[in-house]
**Student:** 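Quick one: the structure is below, questions incoming.
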Amino acid sequence: FPSHDILFPSHDSLQQVIQDRVIKSRESSNSNLAMFESLFVPHAGKITAMQSSDKANLRQQIQSNRPHSSDGLFANLVRIAMETQAHVIASYSPLQSEPDVREFNDWVLATGRELLLPRVVSDSLEFAKGQTTPGSFGLQEPTDSAESLGKIELILVPALAVDSRGNRLGKGKGYYDRVLGEISCPKFAVIFDGEFFEELPVEAHDQKVAGAVSPLAINYFSGPALL
C-alpha cells in the first residue's frame, strides 16, 4: 500500500464531480479537426484512408503536444470502476507523457481490489500483481507471476487518440492489439482532453474499446450506457 494518505470521495462529492465533469462530450474533437483533416488525401470527391506514414505523422503531432493536465481523471476512473463493479482491474504504470493514473491505482489497492499491471513479453503483454521494477521502454513492470487474462474484469488502455467508433490509436507497436482480442471484459482507453476524434484510420489488427476516459469526459461506444 502507498505510504501517503488516500482521499476517498464521498458519495455526494463524487456525484457533484460527476455532474460537473463527467459529461459525454465530443467538443474536444473539434480542436483536432484541422490537424486530422490535413492527413487525409482528397480523391475523386472522396476522402481516402490514411497511409501508414500519415498515421505516424498523427502520432508524432499528438505526442509533441503532450503531456496535458490529468486533473479530474481520478474521479472518472473511480466512476467506471464502481459502475462496472470490477474487482480485478488491469491498469498501467504511466510514462510522463501519458495520462496519470497513479492515484487511481493507489485507490484500487486501498479499496481491496486487485491491481494488475502490464509487462512486455516478446511481442505481447502479460499482466501481474506485485512490486514493480524498471522494464521495457522505461515502464515500471510488475514482478509477480502472470495472471490469467480471463480474470480481468476491467482494463484501462493508454492511447494517443480514440474516435467515435471506439477505434484506438496506439504508439504503433501493437502490444495491446495483440492482447485485447483475448480479453472479454470492458475495455476503456485513457486519453487526455482534446484527443477524441470523429474518425481514425483502422487496420485489420486494430482492436476496439468500449469507451474512452479523459479528465473531463467519459465516452461510451458499445454495451449498456452507464450514464
Side-chain angles (χ1 to χ4, degrees), residues 2-4 6 28 31-32 35 55-78 80-81 89-109 114-144 146-147 149 152 154-163 167-180 183 187-197 200 205-207 209 211-219:
S3 58
H4 59 276
I6 299 175
S28 61
S31 65
N32 287 322
M35 175 178 70
K55 203 171 181 181
N57 289 337
L58 180 58
R59 288 190 181 100
Q60 183 177 12
Q61 291 185 52
I62 292 173
Q63 289 180 303
S64 68
N65 289 319
R66 284 186 163 196
H68 305 293
S69 172
S70 292
D71 290 348
L73 182 60
F74 170 63
N76 285 352
L77 293 174
V78 168
I80 289 173
I89 300 174
S91 183
Y92 62 93
S93 297
L95 299 172
Q96 286 188 339
S97 61
E98 294 177 327
D100 192 348
V101 297
R102 289 176 297 176
E103 185 178 9
F104 174 75
N105 291 350
D106 291 345
W107 176 86
V108 171
L109 292 173
E114 291 187 46
L115 176 69
L116 306 184
L117 297 174
R119 178 169 58 218
V120 176
V121 179
S122 184
D123 63 348
S124 189
L125 296 176
E126 61 184 18
F127 292 82
K129 297 184 290 188
Q131 298 296 315
T132 61
T133 187
S136 305
F137 309 110
L139 298 171
Q140 289 291 318
E141 296 184 333
T143 55
D144 284 10
E147 300 281 348
L149 295 178
I152 299 174
L154 169 66
I155 183 169
L156 303 178
V157 185
L160 292 175
V162 180
D163 72 12
N167 295 309
R168 164 188 164 271
L169 180 69
K171 294 182 179 179
K173 297 185 182 298
Y175 288 107
Y176 273 99
D177 286 319
R178 282 187 281 273
V179 76
L180 286 178
I183 299 176
K187 307 162 189 174
F188 282 81
V190 185
I191 57 175
F192 287 114
D193 296 309
E195 295 177 347
F196 183 86
F197 291 83
L200 288 172
H205 63 269
D206 290 337
Q207 296 289 323
V209 292
V213 191
S214 71
L216 297 181
I218 301 176
N219 289 277

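Only this structure's heavy atoms are used, side chains among them; waters, hydrogens and symmetry mates stay out.
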**Student:** How long is the gap from CG on Leu58 to CD on Gln63, to the nearest 0.5 Å?
**Tutor:** 10.0 Å
**Student:** Tell me, please, which residues at least two apart from Ser124 pass side-chain contact (heavy atoms from CB on, under 4.5 Å).
**Tutor:** Arg178, Val179
**Student:** Going by the rule side chain to side chain donor-acceptor pair (under 3.5 Å), which residues pair with Asp206 if we only count those two or more places apart in sequence or in a different chain?
**Tutor:** none
**Student:** Can you list the residues that meet the side-chain contact (heavy atoms from CB on, under 4.5 Å) rule with Thr143, with sequence neighbours excluded?
**Tutor:** Gln131, Thr133
**Student:** Find the distance between CG (Leu117) and CG (Leu125) and round it off to the nearest 0.5 Å.
**Tutor:** 11.5 Å
**Student:** Let me see the working for Val190 and Tyr92 under side chain to side chain contact (heavy atoms under 4.5 Å, CB included), right down to the final yes or no.
**Tutor:** CA-CA 10 Å; Val190 185; Tyr92 62 93; 3.5 Å; yes
**Student:** Under the side chain to side chain contact (heavy atoms under 4.5 Å, CB included) criterion, do Phe188 and Val209 qualify, and how do the steps go?
**Tutor:** CA-CA 6 Å; Phe188 282 81; Val209 292; over 6 Å; no
**Student:** May I ask you to test the Asp106-Glu103 pair for a side-chain heavy-atom distance under 4.5 Å?
**Tutor:** no
**Student:** Please check this pair: side chain of Arg66 against backbone of Gln96, looking for a donor-acceptor N/O pair closer than 3.5 Å.
**Tutor:** no
**Student:** Which heavy atom in Asn105 sits nearest to a heavy atom in Ser91, and how many Å separate them?
**Tutor:** OD1-OG, 2.7 Å
**Student:** At their closest point, which heavy atom of Pro142 faces which heavy atom of Pro118, and how far apart are they?
**Tutor:** CD-O, 3.3 Å
**Student:** Looking at every heavy atom in both Ile155 and Ile183, which two are closest together, and how far apart are they?
**Tutor:** CD1-CD1, 3.9 Å
**Student:** Atom CD of Glu126 and atom CG of Leu116: how far apart are they, to the nearest 0.5 Å?
**Tutor:** 11.0 Å
**Student:** Taking only residues two or more places apart in sequence, or in another chain, which ones meet Glu141 in a side-chain contact (heavy atoms from CB on, under 4.5 Å)?
**Tutor:** Arg119, Val120, Ser136, Leu139
**Student:** Kindly write out the residues that satisfy salt bridge (Lys or Arg N to Asp or Glu O under 4.0 Å) with Lys171, not counting sequence neighbours, or none if the list is empty.
**Tutor:** Glu98
**Student:** Return the set of residues passing side-chain contact (heavy atoms from CB on, under 4.5 Å) with Gln140 (not counting sequence neighbours), or none when no residue passes.
**Tutor:** Ser93, Thr132, Pro134
**Student:** How far apart are the C-alpha atoms of Val162 and Asn219, what are their side-chain angles, what is the distance that settles it, and do they pass the side chain to side chain contact (heavy atoms under 4.5 Å, CB included) test?
**Tutor:** CA-CA 10 Å; Val162 180; Asn219 289 277; over 6 Å; no
**Student:** Might you point out which heavy atoms bring Pro215 and Ser69 nearest each other, and give the distance in Å?
**Tutor:** CG-O, 3.4 Å
**Student:** Counting C-beta onward and ignoring hydrogens, is there a side-chain heavy-atom pair between Phe104 and Ile80 closer than 4.5 Å?
**Tutor:** no
**Student:** Given Asp193, which of Ser70, Pro99, Ser214 fulfils the side-chain contact (heavy atoms from CB on, under 4.5 Å) condition?
**Tutor:** Ser214
**Student:** Looking only at non-hydrogen atoms, find the nearest pair between Val213 and Ile218 and report the distance.
**Tutor:** CG1-CG1, 4.3 Å
**Student:** Within the distance-only criterion (no hydrogens, no angle test), does the side chain of Asp177 pair as donor or acceptor with the backbone N or O of Gln207 below 3.5 angstrom?
**Tutor:** yes
**Student:** With side chain to side chain contact (heavy atoms under 4.5 Å, CB included) as the test, would you mind laying out the steps for Phe192 and Asn65 before giving the verdict?
**Tutor:** CA-CA 10 Å; Phe192 287 114; Asn65 289 319; over 6 Å; no
**Student:** Rounded at 0.5 Å granularity, tell me how far NE2 in His68 sits from CG in Asp100.
**Tutor:** 14.0 Å
**Student:** Which atom names give the shortest non-hydrogen contact between Gly170 and Leu160, and what distance separates them?
**Tutor:** O-CD1, 3.4 Å
**Student:** Just to verify, which of Leu115, Leu149, Asp144 counts as forming a side-chain contact (heavy atoms from CB on, under 4.5 Å) with Phe127?
**Tutor:** Leu149
